[in-house]
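Notes follow the structure.
Predicted, not measured: the structure shown is a model, and the values here were computed from it.
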Amino acid sequence: MAKRIQIKDILNTSEFNRQVTIMGWVKTFRNNQFIAINDGSCIHNIQAVVDFNNTDETLLKRITTGAAVAVTGNIVESLGKGQKVEIKVTDLEILGDSDPEKFPLQPKKHSLEFLREIAHLRFRTNTFNAVFKIRHSLSFAVHQFFNEKGFVYMHTPIITASDAEGAGEMFRVSTLDPDNMPRNVDGSINYKEDFFGKATNLTVSGQLEGELAAMAFGNVYTFGPTFRAENSNTTRHLAEFWMIEPEMAFYDLDDNMDLAEELLKYVIKYALENCADELEFLKERLLEEEKSKPAAERSELDLISKLKFCLDNEFERLTYTQAIQILKSSKPNQKKQFKYLINEWGADLQSEHERFLVEKHFKKPVILTNYPAEIKSFYMRQNDTDENGKNTVRAMDILFPGIGEIIGGSQREERLEKLEQRMHDMNIPTEEMSWYLDTRRFGSAFHSGFGLGFERLVLFVTGMTNIRDVIPFPRTPKHAEF
RNA sequence: UCCUAAGUAGCUCAGCUGGUUAGAGCAUCUGACUGUUAAUCAGAGGGUCCCUGGUUCGAGUCCAGGCUUGGGAGCCA
């Protein structure tokens, strides 16, 4: 048997009449002679042609959808129309049978809901092949972007003892026996007996540790798993997701926004350049899917045009106060079509408001800045009270069409007294956060950072609509299969 | 967690104002055909109509409760 080569290296070859061996999985077997084989090296299949008159019938019977095969044969120009190149089979071996009565994937369209139930097999579909190739490329592009800029990739801890990050409910990490918890005299659980000698949780953010590193390296980023025990059941939340969190010393809010916009454009451009086949497939898939929708609900741009549009246009930057003014005088607000009407400054923006701004008003990505201090986290830098007596913080949220908030960030409060006051006001214990406050005690410097939800980015680039379809094995409330 | 829609064959779905033996396409199996592109043609098998209870002479269909899934909302990335 010749040395195995990958299908992607054959499909565009012009060197015919040479013998090759390929290995992959059968997608379809047509007309008792045409096997479509995919080995994952690219989204396209190669057609292997079997001489069924001179092939053992029991072997032919075993060429079924899903079976793993090794095929040796000659590369020839295809006589058929669908492909340029095919393999004339001289030797065929079944590496792994696939019982056609039981294999759930058929050469037909399956619903994403069904495929979610067989997530261990859905990699073998064209759609998920494309999605996870793009996920890989985006991930690689993120590292390349930061590496080119001299950022240091920092591995912040996954197990953390601080519960003051304020980013949501946490998963407890413990080796205590749940049926026999050690108790203090007052009945509370004695965490001194636990593995770490204190209560610990899975991280909800690497930001605080990132800030510590930024105060030495200048520019750092994290890219790792993040855990939130929120009972969220939406198309854009996961209990376990991946987040990219850069943190930069000597960056103000404008620098922060510039970096975020540059990062997003860089990785989208990388995907366009390196995943053309996959994006083309997903584009067609979306167009096909939208055919059944009423014209009003269809996208104005196809997937690839949408991504290019995103590259070619500046993100719209405006303050929370400006957004409120636009929303207040907007048609849906005037006509009372919003479920939550915008009446006054200070209201938290609901999804419907964000969608209006992004999808109807500006029709492009939007960066909102300078939110009311009351609705934002303790670590955000406080602006001076304005002429109307409003208190705002230097926050910035980047909103994407169809996704909502893809990035949340801020310039950080570097002034010790202001930070301590704010923590006190928000009932955040300063004693156990002393290590964090040390950055403000010794050589404090203005700095900024943000969190980019990686799966939300993958959603946007692939055009998928449910976040459970862009992570291999989604963890959501009541679901931790595989 | 709240609102909302749905759950019928392996998959995607139809099944009217309650009525006798629950259907289609694809998949599977058998046969035919053999340059196909989700091959085609003929035939066959395949059902706890989500579960529990109720109304009724009679329930896939109506009612109640539960379970599961989709969509929307909140929390956020």
(message) With a 4.0 Å cutoff (strictly under), does any side-chain N or O of A/Asn466 reach OP1 or OP2 of B/rG71?
(response) yes
(request) Counting Watson-Crick and G-U wobble pairs only, both distances under 3.5 Å, name the nucleotide matched with B/rA27, or none. (result) none
(message) Is there, by distance only and without an angle test, a donor paired with an acceptor across the side chain of A/Glu86 and the base of B/rU37 below 3.5 Å?
(response) no
(request) Respond yes when some side-chain nitrogen or oxygen of A/Ser351 is under 4.0 Å from OP1 or OP2 of B/rG74, and no when none is. (result) yes
(message) Is it the case that B/rU36 (base atoms only) and A/Gln47 (side chain only) share a donor and an acceptor within less than 3.5 Å, ignoring hydrogens and angles?
(response) yes
(message) Any donor-acceptor pair under 3.5 Å linking the side-chain atoms of A/Asn45 with those of A/Asn38?
(response) yes
(message) Tell me whether the side-chain N/O atoms of A/Asn231 come closer than 4.0 Å to OP1 or OP2 in B/rU1.
(response) yes
(message) If the cut-off is 4.0 Å, is A/Arg236 near the phosphate of B/rG71, judged by side-chain N/O to OP1 or OP2?
(response) no
(request) Return the value, rounded to whole Å, for the distance between atom CG of A/Asn45 and atom C1' of B/rA38. (result) 12 Å
(message) Would you say A/Thr226 places a side-chain N or O within less than 4.0 Å of OP1 or OP2 belonging to B/rA77?
(response) no
(message) Output the rounded distance in Å from CD (A/Glu284) to C1' (B/rU37).
(response) 16 Å
(message) Let's test your reading of the model: under 3.5 Å, does the base of B/rC75 pair with the side chain of A/Ser232 as donor and acceptor?
(response) yes
(message) As a test of reading the structure: which of B/rG74, B/rU36, B/rA39 is closest to the side chain of A/Thr28, going by heavy atoms?
(response) B/rA39
(request) Hey, could you give me the OH/NE2 distance between A/Tyr221 and A/His143, rounded to the nearest 0.5 Å? (result) 4.5 Å
(message) Given the structure, check if the side chain of A/Glu101 and the base of B/rG10 hold any donor-acceptor pair shorter than 3.5 Å.
(response) no
(message) Assuming nearest nucleotide by heavy-atom distance, tell me which of A/His110 and A/Gln350 is located more 5' along RNA chain B.
(response) A/His110
(message) Between the base of B/rU28 and the side chain of A/Gln106, is one N or O donor paired with an acceptor at under 3.5 angstrom?
(response) no
(request) Measure distances between side-chain N and O atoms of A/Arg30 and base N and O atoms of B/rA38, and say whether any donor-acceptor pair falls under 3.5 Å. (result) no
(request) Could you check whether the rings of A/Tyr436 and A/Phe378 sit parallel, tilted or perpendicular, using 30° and 60° as the cut-offs? (result) perpendicular
(request) Determine the interplanar angle of the A/Phe400 and A/Phe315 rings, folded into 0 to 90°, and report it as parallel if under 30°, tilted if 30 to 60°, perpendicular if over 60°. (result) perpendicular
(request) Grab the CD1-P distance between A/Ile35 and B/rU36 for me, whole Å please. (result) 17 Å
(message) Quick check: any donor-acceptor pair below 3.5 Å linking the side-chain of A/Asn31 to the base of B/rU40?
(response) no
(message) Using a distance-only criterion (donor-acceptor N/O pair, under 3.5 Å, no hydrogens), is the base of B/rG25 paired with the side chain of A/Lys109?
(response) no
(request) State yes or no: are the ring centers of A/Phe123 and A/Phe132 separated by less than 6.0 Å? (result) yes
(request) Nearest whole angstrom, please: distance from the C1' of B/rA73 to the NE2 of A/His237. (result) 11 Å
